[in-house]
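What's counted below: heavy atoms across the whole structure, side chains too, no hydrogens, waters or symmetry copies. This structure is a prediction, so every number in the text was calculated from the model and none was measured.
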Amino acid sequence: MIMTTTNLKQRSLLGLKGMDGTELTSILDRAAYWDAHTEKQVSVLQGKFVANMFFENSTRTRFSFEMAEKRLGAEVLNFTAAASSVEKGESIYDTVRTLESMGIDAGIIRLKPAGVLQELAEKVNVPLINAGDGNNEHPTQALLDLYTMRRQFGEVRGLNVTIVGDIMHSRVARSNFWALQAMGANVSFCAPDNMRAGDIPQMRYVTMEEALQSDVVMMLRVQLERHASGMLKSAEDYRLHYGLTEERAARMKEHAIIMHPAPVNRNVEIDDALVESSKSKIFTQMQNGVPIRMAVIERALRN
């Protein structure tokens with residue numbers, strides 16, 4: 001069956017910008033259902049073929065999607081650009097169309113260039129799920145972040161959340177910004193001047209000391225390769241001014257939690273001793289990624 005454009009838009013998940021709180025809540029609720037049903041595998045998507053198309057390296061996200069797909073009973077095809085015709089010059093579009101023509105029912109896509117995913121979605125007739133595109137969005141990461149917060153605090157509305165780090169280049173920060181606002185949270189950012197995002201004027205920036213008074217302190221991964229571009233003086237300098245050290249964490253509110261999308265640069269954006277501390281929800285976030293992605297994949301493929 002060829003899906004209509006409207007149907008495809010409803011089933012695809014390209015980003016969270018513009019998604020309302022009701023729809024976000026429905027995904028979180030369905031994830032909670034799957035979280036409560038711990039069977040290793042169900043047959044909800046038996047006979048459905050899902051292609052994981054990763055044109056950018058990933059470990060946690062790809063494995064999390066694959067686990068979700070297999071738990072739902074789907075047939076899984078894994079595609080990586082390093083071992084594909086893309087390395088020989090084939091376009092991303094041609095690769096996706098090739099897999100579509102072979103009969104996949106949905107595609108999970110991660111790629112570097114922002115904006116390409118939206119163009120692909122308009123040209124293919126299978127639902128697509130964004131697994132991270134450039135510095136645009138990473139919707140399932142934000143959804144699992146919201147799910148983690150809701151499980152911890154009971155609801156997201158009214159929470160004070162501060163995201164700390166390289167906001168300019170962060171798709172995680174953008175997806176969280178849109179989703180948290182839609183769910184009624186208060187979102188602030190903390191970043192060096194040269195890592196602030198100028199494309200989202202509503203963003204409110206605070207000092208590191210102010211960030212520590214939030215209910216949720218979300219640290220972003222520091223891309224150490226940016227030393228070469230001059231954005232970072234050094235890892236040590238970043239930790240000194242923007243790292244979540246043990247000393248800073250001691251000034252957080254008693255009920256507050258620490259989050260991080262991973263991978264973690266230990267002793268740079270967050271001290272090693274804090275990664276698995278009682279306040280940290282970093283590995284809980286990873287765990288929550290599977291039921292969230294089950295909900296999103298099911299949403300894309302169930303009739």
Undergrad: Return the set of residues passing side chain to side chain contact (heavy atoms under 4.5 Å, CB included) with T148 (not counting sequence neighbours), or none when no residue passes.
TA: M259, K281, T284, Q285, N288
Undergrad: Can you tell whether the side chains of K48 and E75 come within less than 4.0 Å, N to carboxylate O?
TA: no
Undergrad: Just verifying a value: how many Å separate M294 CE and Y33 OH, rounded to the nearest 0.5 Å?
TA: 9.0 Å
Undergrad: Check each of R266, R248, R239 against D271 using the side chain to side chain donor-acceptor pair (under 3.5 Å) test, and report the only one that passes.
TA: R239
Undergrad: Verify whether one side chain among D272 and N267 offers a donor that lies under 3.5 Å from an acceptor in the other.
TA: no
Undergrad: Which residue pairs pass the side-chain hydrogen bond (donor to acceptor under 3.5 Å, both in side chains) test when at least one of the two sits in residues 16-26, sequence neighbours left out?
TA: E23-R299
Undergrad: Look up atom CZ in F189 and atom CD1 in I200, then write down how far apart they are to the nearest 0.5 Å.
TA: 6.5 Å
Undergrad: With sequence neighbours excluded, what pairs up with R71 under the side-chain hydrogen bond (donor to acceptor under 3.5 Å, both in side chains) test?
TA: none
Undergrad: Rounded at 0.5 Å granularity, tell me how far CE in M195 sits from OG in S170.
TA: 11.5 Å
Undergrad: Tell me if the NZ atom of K253 is crowded by more than 12 foreign heavy atoms within 6.0 Å.
TA: yes
Undergrad: Which value, rounded to the nearest 0.5 Å, describes the distance between R110 atom CZ and D133 atom CG?
TA: 10.0 Å
Undergrad: Does one side chain, of N130 or E137, offer a donor that lies under 3.5 Å from an acceptor on the other?
TA: no
Undergrad: Are there over 12 heavy-atom neighbours, none belonging to N57, within less than 6.0 Å of that residue's CG?
TA: no
Undergrad: Could you walk me through whether K70 and E66 pass the salt bridge (charged side-chain N to carboxylate O under 4.0 Å, His left out) check?
TA: CA-CA 6 Å; K70 290 184 175 179; E66 186 172 352; 2.9 Å; yes
Undergrad: More than 12 non-hydrogen atoms from neighbouring residues, nucleotides or ligands closer than 6.0 Å to CD on Q41, yes or no?
TA: yes
Undergrad: Near M252 CE, under 6.0 Å, is it more than 12 heavy atoms from other residues, nucleotides or ligands?
TA: yes
